[in-house]
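The structure under discussion appears below in the form of structure tokens.
Computed from a predicted model, the values in this text were never measured in an experiment. Just so you know, ligand 1 is whichever comes first in the structure, and atom 1 is the first atom listed for that ligand.
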Amino acid sequence: MTSDLNLQDVLNFLFEVADRAGQELMANFNRVECAVDPKDLLVGGIDVVTCADRASEESILSAIKTNFPEHDILSEEAGAKGKGSPWLWVVDPLDGTINFAHGFPLFSVSIALMKDGVPVLGMIHDPILKENFYALKGGGAHVNGRPVRVSWNDKLKESVVGTVFPHERAYSSATNVSEVSRVVMRAQGMREIGSPAVNLAYVACGRLDGCWGLKLKPYDLAAGVIIVEEAGGRISDRGGNPTDVYTDFLVATNGLIHDELIALLSDDSAESVP
Ligand code: IPD
Ligand code: CA
Ligand code: CA
């Protein structure tokens, strides 16, 4: 495949791929035989992988390799397969593994296609609610065929904001605890829903007014970033500067609460209580 790729065709392909991956997750949900292995002993067993991560990933990667054999792939469990292509598939076969492993019904499949380092297509699939959040560059953001856009709230105190606690909190000072302690006292609501991809999908459709995360990986972010952008939202780093999916700290909002949220996230000296 070359640069004449028809992105609408690729999007149609992605609906099938995400749906099959979701079926693999659902076939293993609440199944005791789906073993949970600690992934990284450095993080004291916080980060885990299950047979569902692997089954979902196998299904996604085999479809990509069959249809786009020349493309590069970066996938959470399988790692990076570089062939020098401008096209890169970025795959999180199960975002929210800890939720999944506990039978908590909130997790997603996140798949993006990037060209020259920029996402051009993103799909986040929630197999429980059967929702597909997706965007094609320049084509707007959609949920199950319906166009969506970010919310209109312009005050943090009237907003609901999402985040995630990084696995690295077990051994690093990047815990997100001080940021959370500030935002939770200023926002109308704060949610840690265990899936950064769902956070971004929910910003895109207005269920959340904003979200942030640190120590996230490109496969947590790539699909969600283009979906938020296409929904009219704003993406930046902690300082409010434009950023990419390789950032260490990502803030995504409806644009209207962005500066207020950034100021609070950046200001270690801010009081928790207004
Ligand atoms: C992780 C989870 C977790 C978040 C991590 C992510 P995974 O993704 O979403 O909530 O704190 O930063 O990497 O392992 O479930 O795909
Ligand atoms: Ca993830
Ligand atoms: Ca994952």
query: What atoms of ligand 1 come closer than 4.0 angstrom to any heavy atom of P196?
result: 2 (C), 9 (O)

- request: Would you check if the Ca ion (ligand 3) lies under 3.0 Å from any N, O or S atom of L94?
  value: yes

message: Within the structure provided, determine whether R186 and K157 are in side-chain contact (heavy-atom separation under 4.5 Å).
response: no

Which segment of D92 sits under 4.0 Å of ligand 1 when only heavy atoms are counted: side chain

field: K217 and ligand 1 - part of the residue with a heavy-atom distance under 4.0 Å
entry: neither

message: With heavy-atom distances below 4.0 Å as the criterion, list the atoms of ligand 1 near T97.
response: 15 (O)

- prompt: Which of the atoms in ligand 1, numbered in the order shown and given with their element, are less than 4.0 Å from a heavy-atom of L216?
  reply: 12 (O)

task: Start with the C-alpha gap between V91 and Y219, add the side-chain angles, then the distance that decides, and say whether side chain to side chain contact (heavy atoms under 4.5 Å, CB included) holds.
output: CA-CA 5 Å; V91 178; Y219 37 79; 5.9 Å; no

message: I need the minimum non-hydrogen distance between N28 and R31, along with the two atoms involved.
response: OD1-NH1, 2.5 Å

message: If I consider every N, O or S atom in D92, which one ends up closest to the Ca ion (ligand 3)? I only need its name.
response: OD1

- request: With the side chain counted from C-beta on, respond yes when V109 and D92 share a heavy-atom pair under 4.5 Å apart, and no when they do not.
  value: no

statement: Per-atom filter on ligand 1: closer than 4.0 angstrom to a heavy atom of F165 are 4 (C), 11 (O)

message: Regarding ligand 1, does K215 bring an N or O atom to under 3.5 Å of one of the ligand's N or O atoms?
response: no

query: Do any nitrogen or oxygen atoms of G194 lie less than 3.5 angstrom from nitrogen or oxygen atoms of ligand 1?
result: yes

- prompt: So, E76 and the Ca ion (ligand 2): N/O/S under 3.0 Å, yes or no?
  reply: no

field: Close aromatic pair by centroid cut-off 6.0 Å: F68 and W89
entry: yes

- prompt: For L106 and V198, what are the C-alpha separation, side-chain angles and deciding distance, and is it a side chain to side chain contact (heavy atoms under 4.5 Å, CB included)?
  reply: CA-CA 8 Å; L106 211 165; V198 172; 3.8 Å; yes

- prompt: So, N176 versus T163: side-chain donor-acceptor pair below 3.5 Å or not?
  reply: yes

- prompt: Between OD1 of D95 and OD1 of D220, what angle is found at the Ca ion (ligand 2), rounded to 10 degrees?
  reply: 100°

field: Side-chain touch S85/H71, heavy atoms, less than 4.5 angstrom
entry: yes

message: Does E58 have more than 12 heavy atoms from other residues, nucleotides or ligands lying within 6.0 Å of its CD?
response: no

- prompt: Looking at ligand 1, does any of its N/O atoms fall within less than 3.5 Å of an N/O of G96?
  reply: yes

